[in-house]
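A quick write-up on the structure given underneath.
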Amino acid sequence: MSSFLSFAQLCQRVEGVSGSLEKIELVASFLKDLDDDELEVASGFIMGEIFSPSLDLVMGVGPSILYEAMARACGCSTERIMEWLRSTGDPGLVASMAVENKKPIGFAAFIRHDPLSIKEVHQRLLTVARASGKGSQDTKVKNLQYLFSQATPLEGQYIARLAIEDMRIGVGEGGVRDAIARAFSRDPSEVERAYNLTNDIGLVAVNARRGTLADLSVQIGRPIKMMLAQVGEGISSSMQELGPAAIEWKYDGARVQIHKDKKRVRIFSRRLEDVTRSLPEIVRLAQGVRADEAILDGEVVAMGKDSRPLAFQEILKRFRRKYKVEKQAKETPLHLFLFDLIYLDGNSTLDLPLTQRRELLEGIADSSILADQVISNSIQRAEEIYRQALDKGHEGLILKNPLSSYTPGKRGKNWLKIKPVMETLDLAVIGARWGEGRRASFLGSYRLACLDEATNKLLDIGWVATGLTDGALAELTDLFQDLILMQKGMEVELKPAVIFEVAYEEIQKSQSYSSGYALRFPRLVRVRDDKSLEEADSLERVASLYQGQRGRNNYI
Ligand code: AMP
């Protein structure tokens with residue numbers, strides 16, 4: 001049986017090396033020596049996935065539970081913990097400091113305990129996640145408290161990170177997949193395929209060891225990674241690339257994968273979270289599909305009275321709603337547009353060409369819940385459909401290769417998305433937030449503002465996280481060092497002097513920011529060191545871009 005300490009030591013070593021190959025090598029040699037149960041758990045732990053997705057559990061541990069548990073286990077005050085947090089910015093390091101300074105009280109004083117094992121930590125975290133309803137806060141705190149009371153400082157560090165499902169050791173999904181392939185001498189593409197089909201890294205690891213990866217397949221009730229679209233180089237070159245294409249609107253909504261097993265329906269979001277309870281009208285529509293078993297892929301759209309899609313936030317509200325769901329469903333009804341079929345009555349349809357999948361889909365679903373599709377090789381026809389989509393307030397087109405199979409988790413040339421080019425905004429940087437963990441000495445995200453020309457005031461419009469390399473982040477941090485006006489916890493107020501050019505998916509109305517707007521998916525294009533503060537984009541321009549989104553009409 002492997003100790004949790006050996007896992008924590010692995011994490012420490014992995015965190016300490018920068019090369020991804022080195023990281024993968026370390027993880028692979030660790031996984032190789034575990035028994036099946038440990039392998040299943042540890043493969044998920046490494047990427048911050050604590051439970052098999054089939055358990056459909058969420059940890060439900062926020063800062064207050066975590067720090068309360070540390071404080072109780074280690075006999076220190078939450079104020080002390082908050083001080084450590086301010087100085088390190090890293091809950092993991094805070095846990096290791098708390099354990100280091102532990103006064104032997106409570107569990108630790110009375111019980112001599114064998115070293116924690118990987119399985120025991122997993123079991124405790126399961127208990128934490130399963131606690132619900134009255135008294136659940138207390139159950140969560142007590143179980144975490146128990147773990148911290150038994151932990152060494154290094155173990156404490158990674159228990160805290162597991163509890164918040166954020167390992168920060170620089171190994172993501174791809175890294176763990178490669179480590180599994182390496183540990184058990186399997187082809188990485190075989191591991192990737194199995195993972196995309198099952199979305200369950202523990203299951204994949206165990207099957208990789210046994211040599212049974214090929215046996216893993218689509219299964220009703222287990223979400224599979226969605227096929228994704230690549231950006232097309234404009235309509236004409238995309239049409240030329242595809243030859244005849246299946247032309248579909250790119251509906252302005254949210255992706256859903258629907259699993260129908262007789263009358264039982266489960267709906268998964270793009271991130272493969274179970275959202276069934278929030279979407280009762282979609283459940284009813286799926287129940288009407290004429291198949292015993294099916295996995296359907298499509299988009300749900302919130303439509304206003306004018307039959308135009310509502311802003312994305314409205315859909316988000318629906319997806320997140322847990323109570324009074326039917327009321328919300330009446331206020332913001334969703335429409336369903338199915339465009340693919342993954343499984344039908346006992347058989348995977350993944351490897352059939354799109355045209356056949358579509359034919360089967362048309363056989364089981366009413367046209368009222370199907371995405372429109374035209375197969376054509378005419379550029380002119382594609383342009384017409386594109387204009388219709390934009391006129392109706394949708395995003396553009398998805399052009400699909402009619403002969404292509406369904407490739408889960410892949411962003412490939414078989415689906416090309418065509419959208420209008422979004423304008424960028426030049427915004428003043430008025431604040432920033434220190435990074436966490438390894439990036440604690442860098443400013444990682446930046447608060448942006450536009451200029452209200454009427455009052456000459458800068459009004460905030462949200463944050464952009466840069467997604468930059470450490471080197472570039474250090475440079476940016478340097479740039480802002482002399483502009484720091486005030487430190488407020490993890491945030492700093494900056495003297496406005498620097499302009500960022502920022503791209504985004506959409507402008508939304510928002511009460512969170514003084515401009516009254518927020519950017520969806522902002523990303524830093526470049527630092528406009530050629531521009532002065534007065535040249536920041538105005539509130540008026542933001543407002544007019546917001547209006548213009550409703551009638552997008554230029555395309556790549
Ligand atoms: P993007 O999110 O920009 O990468 O675009 C891909 C997304 O477009 C998919 O994940 C779907 O949510 C959405 N979408 C809308 N209409 C379609 C369609 N007809 N076929 C495929 N995806 C669509």
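Both counts, for ligands and for their atoms, begin at 1 and track the order of listing.
- At least one N or O atom of E248, backbone or side chain, sits closer than 3.5 Å to an N or O atom of ligand 1.
- Using 4.0 Å as the threshold, L228 has no heavy atom nearer than that to any atom of ligand 1.
- Taking atom 10 (O) of ligand 1 as the reference point, the nearest protein heavy-atom neighbour is R255 NH1, 2.9 Å.
- Contact record, A543 with Y517: CB-OH, 3.5 Å, taken as the closest heavy-atom pair.
- Remark: side-chain polar atoms of E299 are not paired, donor with acceptor, to backbone N or O of F337 under 3.5 angstrom.
- In this structure the side chain of F319 reaches within 4.5 angstrom of the side chain of V256, judged on heavy atoms.
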How far apart are the C-alpha atoms of S368 and D366, what are their side-chain angles, what is the distance that settles it, and do they pass the side-chain hydrogen bond (donor to acceptor under 3.5 Å, both in side chains) test? CA-CA 5 Å; S368 59; D366 282 343; 4.7 Å; no

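- Of the N or O atoms in W415, none lie within a sub-3.5 Å distance of an N or O in ligand 1.
- The backbone N or O of K322 sits nowhere less than 3.5 Å from a side-chain atom of R277 that would complete a donor-acceptor pair.
- At the shortest separation from atom 3 (O) of ligand 1 among protein heavy atoms lies K417 NZ, 2.9 Å.
- Below 4.0 Å from some heavy atom of K400 lie the following atoms of ligand 1, by number and element: 18 (C), 20 (N), 21 (C).
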Do Y251 and F339 pass the ring-ring contact (aromatic ring centres under 6.0 Å, His included) test, and can you show the C-alpha distance, the side-chain angles, and the key distance before you say yes or no? CA-CA 11 Å; Y251 293 91; F339 48 71; 7.8 Å; no

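- Near K419, the atoms of ligand 1 lying under 4.0 angstrom from a non-hydrogen atom of the residue are 3 (O).
- For ligand 1 and I398, the ligand atoms under 4.0 Å from any heavy atom of the residue are 17 (C), 18 (C), 20 (N), 21 (C), 22 (N), 23 (C).
- Only the side chain of F339 comes within contact range of ligand 1, with a heavy atom under 4.0 Å; no backbone atom does.
- Atom 16 (N) of ligand 1 has its closest protein heavy atom at Y251 N, 3.0 Å.
- Under 4.0 angstrom from ligand 1, there are no non-hydrogen atoms of M226.
- A donor-acceptor contact shorter than 3.5 Å links the side chain of T349 to the backbone of L341.
- The part of R270 lying near ligand 1 is the side chain, judged by heavy-atom distances below 4.0 Å.
- Side-chain N or O atoms of H259 include none that pairs as donor or acceptor with a backbone N or O of R266 at under 3.5 Å.
- Closest protein heavy atom to atom 8 (O) of ligand 1: K250 NZ, 3.1 Å.
- Put simply, part of R411 is less than 4.0 Å from ligand 1, judged by heavy atoms.
- Judged purely by atom type and a 3.5 angstrom limit, R186 has no side-chain atom pairing as donor or acceptor with the backbone of I180.
- Near W249, meaning under 4.0 Å from one of its heavy atoms, ligand 1 places the atoms 16 (N), 17 (C), 18 (C), 19 (N).
- Under the 4.0 angstrom criterion for non-hydrogen atoms, M227 is not in contact with ligand 1.
- Remark: side-chain polar atoms of D345 are paired, donor with acceptor, to backbone N or O of D292 under 3.5 angstrom.
- A distance-only check finds no donor-acceptor pair linking the side chain of R255 to the backbone of R271 [under 3.5 Å].
- Closest to atom 12 (O) of ligand 1 among all protein heavy atoms lies E299 OE1, 2.4 Å.
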